[in-house]
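The next block holds one structure in the form of structure tokens; read it before the comments.
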Amino acid sequence: MATATNTVSKDVPDNSKDSPVIVVEHVYKQFGSNLVLRDFNLVVNKEENVVVLGKSGSGKSVLIKCIIGLLKPDSGNIMVFGENVSELNHDDLDKIRTKIGFLFQGNALYDSMTVRENLEFPLRRHWIGYSQKQVDALVIEALENVGLAHTVNMMPEELSGGMLKRVALARTMILKPDVILYDEPTTGLDPVTAREIDNLIIKLQKKYHTSSIIITHDMHCVKNTADRVALLLDGKCYSEGKYEDFENSTDKNIKQFFE
Ligand SMILES: Nc1ncnc2c1ncn2[C@@H]1O[C@H](COP(=O)(O)OP(=O)(O)O)[C@@H](O)[C@H]1O
Ligand SMILES: [Mg+2]
């Protein structure tokens, strides 16, 4: 288990399964005097699920917002598919976002739209030129993936918290992104529903060969979904390794997540 990782190898061949799809290097981000990320480093390889574990307020959402280009780091580099996100212009950022799915913590579904319209939204926003027939097929495929095809004409207010999360996941997946960023996918859900979401994350990763960053402090979610875990502490990647390494750690900063 590596501790206080500061070096990130760039010498990995692109065509191997270990080729990085996301490389976060020496990223700093502060708001006023609040130094949130201080030399944060992380690599996510193809078809890998990396869990970023961290306490509330530690900067997990800030990190994924930097990765998707919603926030700009003060310094450091974030490479996604080999492109430096903070140097992209608006059009190129939009293009790269079609390859990155983002599951927001609060789902971010539109209350005034049906499930179908919510799912169609990313297809229309990125206007990829699908026919209505193709749009319909994609909507149904996405809903079937999460077991909710029967909700297609329902309004969000008619759905339970777990169903809303699954609809939001279906919408995140509809463009078949290569990378998915999950912001606390199980927070606020009951334990049974939370485990269903873990299982869907794994199922869809296998089906579509996606790479993911999953942000959480739910240790069951970590255990079920993580190929690798990175602990965000004091703005840095304090430690990274397998779930089992964390579970067996005697480090008090790690043990507190298991209490
Ligand atoms: N847009 C913003 N402006 C100012 N401060 C922010 C902003 N976004 C996040 N922060 C601050 O950054 C810190 C980390 O926030 P966040 O990444 O949301 O934490 P979490 O790990 O719970 O997701 C917090 O102190 C928060 O108040
Ligand atoms: Mg957050």
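The first residue of the sequence shown is numbered 1, and numbering continues consecutively from there. Keep in mind it's a predicted model, so treat the numbers as computed, not measured. Start at 1 and go down the list; that is how both ligands and their atoms are numbered.
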Between Phe121 and Tyr110 (judged by ring centroids, cut-off 6.0 Å), do the two rings come close enough to count as a pair? yes

Return yes if a side-chain donor-acceptor contact under 3.5 Å exists between Thr114 and Asn153, otherwise no. no

Assigning hydrophobic clusters by single linkage (Ile, Leu, Val, Met, Phe, Trp, Tyr; side-chain heavy-atom cutoff under 4.5 Å), is Val167 placed with Met155? no

Taking atom types as modelled, is there a side-chain donor on Asn224 or Tyr243 under 3.5 Å from an acceptor on the other? no

I'd like to check whether Phe31 has a polar contact with ligand 1, where a contact means an N/O of the residue lying under 3.5 Å from an N/O of the ligand. no

Total protein N, O or S atoms, the Mg ion (ligand 2), separation less than 2.8 Å: 1

Heavy-atom distances under 4.0 Å are what count here, so tell me which part of Val62 touches ligand 1: side chain, backbone, both or neither. both

Any N or O of Leu71 closer than 3.5 Å to N or O of ligand 1: no

For the pair Lys242 and Asp245, find out whether any cationic side-chain nitrogen is under 4.0 Å from an anionic carboxylate oxygen. no

Can you tell which part of Lys55 has a heavy atom less than 4.0 Å from ligand 1: side chain, backbone, both or neither? backbone

When only distance counts, is Glu184 in polar contact with ligand 1, meaning an N/O pair under 3.5 Å? no

Pick from Leu70, Asn34, Asp183: the one approaching atom 26 (C) of ligand 1 most closely through a non-hydrogen atom: Asn34

Structural part of Ile215 in contact with ligand 1, heavy atom criterion under 4.0 angstrom: neither

